[in-house]
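Because only heavy atoms are used, hydrogens play no part in the values below, and waters and symmetry mates are left out as well, while side chains stay in. Just so you know, residue 1 is the first one in the sequence shown, and it goes up from there. What you see is a predicted model, and the numbers here were worked out from it, not measured in a lab.
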Amino acid sequence: MSRVQLALNVSDLKEAIDFYSKLFGTTPAKVQPGYANFAIADPPLKLVLMEHAESRGSGVGGALNHLGVEVMDPAEVADASRRLAGEGLDTLDQTETTCCFAVQDKVWVEDPDGAPWEVYTVLADAPAETGIAGDGTCCAATTTGAAACC
């Protein structure tokens with residue numbers, strides 16, 4: 001089996017575990033002081049949370065733009081939005097929004113440290129210049145409704 005691993009620095013492990021348990025609908029596979037990991041089946045992901053920055057190793061700090069889970073159709077986005085809101089998370093729904101060279105339906109949430117997560121589906125291709133900031137980065141919305149870069 002193959003899966004992507006995503007290791008994140010977090011400022012409060014308990015808050016992060018609560019958020020990611022809600023986001024992915026599962027509990028951690030392992031929890032140790034300052035550390036937790038999730039073995040998520042769908043989507044296939046090994047999510048590692050590290051509470052202490054010195055645990056990061058050689059990774060570049062501050063390089064994260066946003067994170068996402070791509071789903072197959074708009075109904076899955078709507079289901080995710082209802083589920084996340086039902087878990088008490090602040091959500092921002094966007095339908096037929098243009099970003100990152102594509103027209104997408106998506107719902108945004110933020111983790112306890114403010115990292116934006118989107119659950120999205122691609123509806124169609126879009127021109128390269130649409131939805132992209134002047135520096136070439138993709139616009140990530142926040143749950144307050146403001147775009148992070150546009």
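Hydrophobic clustering, with ILVMFWY side chains joined whenever heavy atoms are under 4.5 angstrom apart, groups F24 together with L67. V69 and V122 end up in different hydrophobic clusters when Ile, Leu, Val, Met, Phe, Trp and Tyr side chains are linked at under 4.5 Å. V71 and L47 fall within a single hydrophobic cluster, where Ile, Leu, Val, Met, Phe, Trp and Tyr side chains are chained together by heavy-atom contacts under 4.5 Å. Placement of V109 and Y20 within a single hydrophobic cluster is found when ILVMFWY residues are connected by side-chain heavy-atom separations under 4.5 Å, directly or transitively.
Residues S11 and E51 share a closest heavy-atom pair of O-OE2, 3.7 Å. For the residue pair I17 and F38, the shortest heavy atom distance occurs at O-CZ, 4.0 Å. Of all the heavy atoms in V107 and A80, the pair that sits closest is CG1-CB, 4.4 Å. The nearest pair of heavy atoms linking P112 to F19 is CD-CB, 3.5 Å. The minimum heavy-atom distance between T91 and A85, with the atom names listed, is CG2-N, 3.9 Å.
Here CG of L6 is found 9.0 Å from CD1 of I40. Values are rounded to the nearest 0.5 Å. Going from atom CG of D93 over to atom CG of D105 covers 9.0 Å, rounded to the nearest 0.5 Å. Rounding to the nearest 0.5 Å gives a distance of 12.5 Å between CD of E15 and CG of L49. Atom-to-atom distance recorded for D79:CG and D73:CG is 8.5 Å, nearest 0.5 angstrom. A distance of 4.0 Å separates NZ in K46 from CG in N37, rounded to the nearest 0.5 Å. To the nearest 0.5 Å, the span separating CG on D90 from CH2 on W108 amounts to 15.0 Å.
When each of L123, T121, T97 is checked for a side chain to side chain contact (heavy atoms under 4.5 Å, CB included) with V103, only L123 meets the rule.
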### Query
Step by step, would you call E70 with Y120 a side chain to side chain contact (heavy atoms under 4.5 Å, CB included)?
CA-CA 5 Å; E70 183 177 14; Y120 71 98; 3.4 Å; yes
### Task
Would you check, one step at a time, whether the test side chain to side chain contact (heavy atoms under 4.5 Å, CB included) holds for Q104 with E118?
CA-CA 11 Å; Q104 305 170 359; E118 63 177 331; 3.8 Å; yes
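Within the 4.5 Å cutoff, the side chain of K106 has no heavy atoms near those of the V119 side chain.
In this structure, K22 pairs ionically with D18, as a charged nitrogen and a carboxylate oxygen lie closer than 4.0 Å.
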